[in-house]
K.L.:
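Okay, here's the structure, questions in a sec.
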Amino acid sequence: MPTAKLPDVAGLLQLHNAHGDSAVISLYGAQLLSWQSADGREHLYCTPEPSLKAGASIRGGVPVCFPQFSGRGALPKHGLVRNLVWQIDGEVLSGAGQDVACARLSLSDSDATRALWPHSFALQLQIELGAGWVSIAFNVTNTGAGAFDFTTALHTYLATPDVRNAGVTQLGKVRFTDTTAGNDEAIHDGSVLRIADETDNIYWAAPAALALQQDGKPFLQLEQQGFADSVIWNPGPAKAAQLGDMPAKDWTRMLCIEAAQIEHPVRLSPQATWRGLQRLTRAG
């Protein structure tokens with residue numbers, strides 16, 4: 001399991017279902033860190049060298065980006081909530097008697113968040129674990145008196161035996177921005193996306209379903225709802241060597257395929273709720 005060295009601040013929650021699938025969630029950041037299907041295959045990448053400093057983020061699993069994606073704004077990179085401790089919300093359904101295991105985590109604004117972003121909100125993250133699949137539903141509720149705008153993403157790190165032999169399919173002919181090449185914009189040609197070096201592409205109005213292949217065979221299905229965009233990221237060998245919280249060679253063991261809402265920020269009225277979901281299903 002990749003969770004043995006996680007920071008003490010994490011507070012780990014384990015889920016199991018009747019089919020033998022398991023998941024590990026950190027209350028620190030409401031971060032899904034591990035998802036293993038019944039055959040023992042780990043589907044999420046998590047660094048074996050996580051930061052041990054409170055206030056730092058954990059590289060791997062599924063970090064929650066809110067209310068800002070990456071550095072696209074004045075807030076800290078990826079927003080405010082991935083390095084805060086969330087609360088368990090309601091009953092955790094887990095064990096051999098559960099066809100679908102489920103846990104909900106919640107977080108509300110505080111003096112610390114309002115000092116950086118002056119809005120009132122309530123967040124809920126619901127993780128469901130089924131037979132060969134896991135889903136993450138993210139709800140944002142505006143609990144204040146005025147509307148606010150936000151961008152968001154589920155920054156999903158997928159585990160790959162060797163990303164150089166992987167491929168992302170079903171992208172179609174969609175517009176994308178290559179942030180490694182001066183934010184050049186182009187139209188994807190519909191081919192399988194291969195990863196050989198640093199990749200950081202944002203696909204605008206992306207397909208709701210994508211697929212990951214490994215060695216030319218189906219490996220994982222990805223579906224998203226509510227999120228309009230998708231991000232595909234891998235640091236490549238040179239950047240991975242500079243990261244510090246990830247072994248340099250591990251760039252071959254992961255690929256981020258993120259459900260995101262970036263190009264068109266969500267405008268959320270008082271007392272309204274927005275919902276986004278990503279579902280991962282084992283293939284092959």
Side-chain angles (χ1 to χ4, degrees), residues 2 26 29-35 42-50 57-66 68-72 77-79 82 134-136 138 151-171 174 176-181 188 192-204 206-214 219-224 227-262 276-281:
S26 170
Q31 199 159 330
L32 178 62
L33 298 176
S34 172
W35 163 42
E42 176 60 65
H43 298 272
L44 299 178
Y45 171 83
C46 191
T47 177
E49 301 177 2
S57 57
I58 303 169
R59 185 175 296 281
V62 187
V64 179
C65 306
F66 173 87
Q68 175 184 294
F69 175 78
S70 191
R72 292 170 171 257
K77 187 175 182 181
H78 289 317
R82 64 181 181 148
V134 68
S135 69
I136 306 168
F138 183 42
T151 56
T152 183
L154 297 176
H155 198 313
T156 305
Y157 285 74
L158 302 174
T160 61
D162 190 335
V163 76
R164 294 166 295 187
N165 297 324
V168 182
T169 68
Q170 300 174 202
L171 280 165
V174 65
F176 75 98
T177 296
D178 182 351
T179 67
T180 71
H188 185 69
V192 176
L193 178 68
R194 305 291 183 184
I195 309 296
D197 206 336
E198 182 184 2
T199 302
D200 193 354
N201 295 342
I202 304 175
Y203 294 87
W204 309 112
L210 298 175
L212 180 64
Q213 296 179 345
Q214 184 67 43
F219 194 68
L220 197 69
Q221 290 290 134
L222 300 95
E223 301 169 80
Q224 63 187 51
F227 296 98
D229 310 314
S230 293
V231 180
I232 298 179
W233 178 77
N234 181 285
K239 183 165 282 188
Q242 302 170 5
L243 290 176
D245 59 353
M246 171 179 160
K249 65 181 183 300
D250 275 13
W251 76 273
T252 64
R253 298 181 54 229
M254 54 75 63
L255 180 64
C256 285
I257 303 181
E258 310 168 35
Q261 185 73 32
I262 306 169
L277 179 141
Q278 186 182 53
R279 176 170 165 144
L280 313 175
T281 303

K.L.:
Excluding sequence neighbours, so at least two apart, what forms side-chain contact (heavy atoms from CB on, under 4.5 Å) with Thr179?
P.N.:
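Once residues adjacent in sequence are excluded, the partners of Thr179 under the side-chain contact (heavy atoms from CB on, under 4.5 Å) criterion are Arg72, Thr177, Asn183, Asp200, Ile202.
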K.L.:
Evaluate the side-chain proximity of Phe138 to Gln261: yes if any heavy-atom separation is below 4.5 Å, no if none is.
P.N.:
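They are not in contact (no side-chain heavy atoms under 4.5 Å apart), so the answer is no.
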K.L.:
Would you say Asp229's side chain and Ala206's backbone share a donor-acceptor pair under 3.5 angstrom?
P.N.:
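Side chain of Asp229 to backbone of Ala206: no pair is present.
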K.L.:
Got a sec, which residues hit side-chain contact (heavy atoms from CB on, under 4.5 Å) with Gln278, two or more places apart in sequence or on another chain?
P.N.:
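Counting only residues at least two positions away or on another chain, Gln278 forms a side-chain contact (heavy atoms from CB on, under 4.5 Å) with Leu154, Thr156, Leu222, Ala259, Leu280.
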K.L.:
Taking the side chain as everything from C-beta on, heavy atoms only, tell me whether Ile232 gets closer than 4.5 Å to Leu171.
P.N.:
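SC-SC contact between Ile232 and Leu171 confirmed.
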K.L.:
Among residues at least two apart in sequence or on other chains, which ones pass side-chain contact (heavy atoms from CB on, under 4.5 Å) with Ala211?
P.N.:
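Expected list: Thr169, Gln170, Gln221.
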K.L.:
Could you tell me which residues satisfy salt bridge (Lys or Arg N to Asp or Glu O under 4.0 Å) with Lys77, sequence neighbours excluded, listed by chain and number?
P.N.:
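Checked Lys77 against salt bridge (Lys or Arg N to Asp or Glu O under 4.0 Å); zero matches.
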K.L.:
Mind checking what makes salt bridge (Lys or Arg N to Asp or Glu O under 4.0 Å) contact with Arg59, not counting sequence neighbours?
P.N.:
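Salt bridge (Lys or Arg N to Asp or Glu O under 4.0 Å) list for Arg59, sorted by chain: Asp245.
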K.L.:
Would the distance check show the side chain of Gln214 and the main-chain N or O of Asp162 forming a donor-acceptor pair, the cut-off being under 3.5 Å?
P.N.:
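Between the backbone of Asp162 and the side chain of Gln214 there is a qualifying donor-acceptor contact (under 3.5 Å).
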K.L.:
How about Arg82 and His155: do any of their side-chain heavy atoms sit closer than 4.5 Å?
P.N.:
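Heavy-atom side-chain distance check fails, nothing below 4.5 Å.
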K.L.:
Excluding sequence neighbours, so at least two apart, what forms ring-ring contact (aromatic ring centres under 6.0 Å, His included) with Phe69?
P.N.:
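Only His78 meet the ring-ring contact (aromatic ring centres under 6.0 Å, His included) criterion with Phe69.
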K.L.:
If the condition is salt bridge (Lys or Arg N to Asp or Glu O under 4.0 Å), which residues does Arg253 pass it with, not counting sequence neighbours?
P.N.:
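Arg253: salt bridge (Lys or Arg N to Asp or Glu O under 4.0 Å) contacts with Asp250.
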K.L.:
Do Val231 and Cys256 have side chains that approach each other closer than 4.5 Å (heavy atoms only, starting at C-beta)?
P.N.:
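Sidechains of Cys256 and Val231: no contact.
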K.L.:
With sequence neighbours left out, write down each residue that passes ring-ring contact (aromatic ring centres under 6.0 Å, His included) with Trp35, or none if nothing qualifies.
P.N.:
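His43.
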K.L.:
Find out whether Thr160 and Tyr45 are in side-chain contact, i.e. whether some heavy atom of one side chain is under 4.5 Å from a heavy atom of the other.
P.N.:
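No, too far: nothing below the 4.5 Å cut-off.
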K.L.:
For Phe219, give me all partners under ring-ring contact (aromatic ring centres under 6.0 Å, His included), at least two apart in sequence or on another chain.
P.N.:
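Scan of Phe219 (ring-ring contact (aromatic ring centres under 6.0 Å, His included), adjacent residues dropped) gives none.
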K.L.:
Can you check whether Val168 reaches Leu255 side chain to side chain, under 4.5 Å on heavy atoms?
P.N.:
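Val168 vs Leu255: side chains touch.
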K.L.:
Would you please name every residue forming a salt bridge (Lys or Arg N to Asp or Glu O under 4.0 Å) with Asp178, sequence neighbours left out?
P.N.:
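None.
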K.L.:
Could I get the full list of side-chain contact (heavy atoms from CB on, under 4.5 Å) partners for Pro207, not counting sequence neighbours?
P.N.:
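Here the qualifying residues are Leu210.
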K.L.:
Going from OG1 on Thr252 to CD1 on Ile195, what distance comes out if it is rounded to the nearest 0.5 angstrom?
P.N.:
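Those atoms lie 12.5 Å apart.
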K.L.:
Taking side chain as C-beta onward, heavy atoms only, is Tyr203 less than 4.5 Å from Leu193?
P.N.:
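Yes, side chains in contact.
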K.L.:
With sequence neighbours left out, write down each residue that passes side chain to side chain donor-acceptor pair (under 3.5 Å) with Gln31, or none if nothing qualifies.
P.N.:
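Listed in chain order: nothing, the list is empty.
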